[in-house]
Amino acid sequence: MNAMDLALDEARAAAARGEVPVGAVVLGPDGAVLARDGNRTEELCDASAHAELLALRAAARLVGSPRLVGCDLVVSLEPCAMCAAAIAAFRIRRVVFGAYDPKGGGVEHGCRVFAAPGSLHRPEVVGGVRESEAAALLQAFFRDLRTAQS
């Protein structure tokens, strides 16, 4: 199973918990999975409990360093500005994401954190990996949420 499979599995698990379906996986320099998680903002009553931050924090604890040099982050949705700033602070080597987020993204959209002159670090970015599958999870989640609210 590849890392995007794992990220999408985490996204599906997040949706099953009533969370926005976003999943993230941190890979070590050797490609081994260091950490993985899905959104938990509702569960933890924490607006910062995005999949990326949870996985990055867990990986940093595992390796015993606040920096994840040489590590990659695979996430089902383009990271928001908060997560992109954290990715830079953790010194992630490469970010691979699925669906683009024109409204809330902070990498290819919005404030484009890594392109800002003051960015602490500029990782390699690969977007659109299994984009339609990742987008379909989000669309189904929000469609079902709107149906339940009407």
Side-chain angles (χ1 to χ4, degrees), residues 1-15 17-42 44 46-60 63 65-146:
M1 186 172 282
N2 71 36
M4 187 56 81
D5 287 330
L6 297 174
L8 290 167
D9 283 350
E10 289 293 339
R12 285 186 278 276
R17 293 190 300 272
E19 303 277 357
V20 174
V22 178
V25 177
V26 177
L27 302 173
D30 62 354
V33 174
L34 298 178
R36 56 189 273 192
D37 213 331
N39 276 356
R40 294 180 183 277
T41 58
E42 301 298 327
L44 300 176
D46 179 352
S48 73
H50 289 197
E52 301 95 319
L53 288 175
L54 296 171
L56 289 166
R57 290 172 183 154
V63 302
S65 172
R67 283 168 283 295
L68 297 169
V69 176
C71 294
D72 297 341
L73 175 71
V74 178
V75 60
S76 60
L77 179 66
E78 176 183 351
C80 69
M82 174 181 68
C83 291
I87 289 163
F90 277 99
R91 305 299 196 272
I92 289 294
R93 176 181 62 172
R94 178 183 306 118
V95 178
V96 177
F97 66 85
Y100 288 88
D101 188 355
K103 291 182 183 176
V107 175
E108 299 289 332
H109 296 89
C111 61
R112 301 176 60 108
V113 170
F114 305 138
S119 181
L120 297 171
H121 174 72
R122 291 174 177 84
E124 177 186 341
V125 175
V126 179
V129 175
R130 295 179 60 189
E131 178 181 7
S132 58
E133 186 177 353
L137 284 173
L138 290 155
Q139 291 164 350
F141 176 81
F142 286 111
R143 181 188 59 240
D144 294 348
L145 187 62
R146 284 189 299 276

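- Taking CD1 from I87 and SG from C80, the interatomic distance works out to 8.5 Å, rounded to the nearest 0.5 Å.
- No side-chain N or O of N39 forms a donor-acceptor pair with one of T41 less than 3.5 Å apart.
- Remark: L138 CG to E133 CD distance equals 11.5 Å, nearest 0.5 Å.
- Taking every heavy atom of both residues into account, A35 and A59 meet most closely at CB-N, 3.7 Å.
- Taking CG of L27 as the reference point, atom CZ of R93 lies at 9.0 Å (rounded to 0.5 Å).
- Residues forming a side-chain contact (heavy atoms from CB on, under 4.5 Å) with L145 (at least two apart in sequence, or on another chain): F141, F142, Q149.
- Heavy-atom minimum distance, L73 versus I92: N-CG2, 3.8 Å.
- R122 contributes a side-chain N or O that, together with a main-chain N or O of F114, makes up a donor-acceptor pair within less than 3.5 Å.
- Here the straight-line distance linking atom CD of E10 with atom CZ of R40 works out to 7.0 Å at 0.5 Å rounding.
- R91 meets the side-chain contact (heavy atoms from CB on, under 4.5 Å) test with R67, V69, L120, H121; sequence neighbours excluded.
- How far CG of L68 is from CG of L34: 7.5 Å, rounded to the nearest 0.5 Å.
- With R36 as the fixed residue, the side chain to side chain contact (heavy atoms under 4.5 Å, CB included) test singles out one of V26, V74, L54, D9: D9.
- The two residues P21 and A15 have their closest heavy-atom pair at CB-CB, 3.8 Å.
- A distance-only check finds a donor-acceptor pair linking the side chain of E78 to the backbone of D101 [under 3.5 Å].
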> side chain to side chain contact (heavy atoms under 4.5 Å, CB included) between V125 and E108: does it pass, once the steps are laid out?
Replying inline: CA-CA 9 Å; V125 175; E108 299 289 332; 3.6 Å; yes
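- Looking at every heavy atom in both residues, M4 comes nearest to V129 through CE-O, 3.7 Å.
- Closest non-hydrogen pair, V25 versus A3, comes out as CG2-O, 3.7 Å.
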>> Walk me through whether V113 and V107 qualify under side chain to side chain contact (heavy atoms under 4.5 Å, CB included).
In response: CA-CA 6 Å; V113 170; V107 175; over 6 Å; no
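- In this structure, A7 and S76 approach most closely via the heavy-atom pair CB-N, 4.3 Å.
- Taking CZ from F97 and SG from C83, the interatomic distance works out to 13.0 Å, rounded to the nearest 0.5 Å.
- Every residue two or more places apart in sequence or in another chain was checked for a side chain to side chain donor-acceptor pair (under 3.5 Å) with R57, and none qualifies.
- Between H50 and V22 the shortest side-chain heavy-atom distance does not fall below 4.5 Å.
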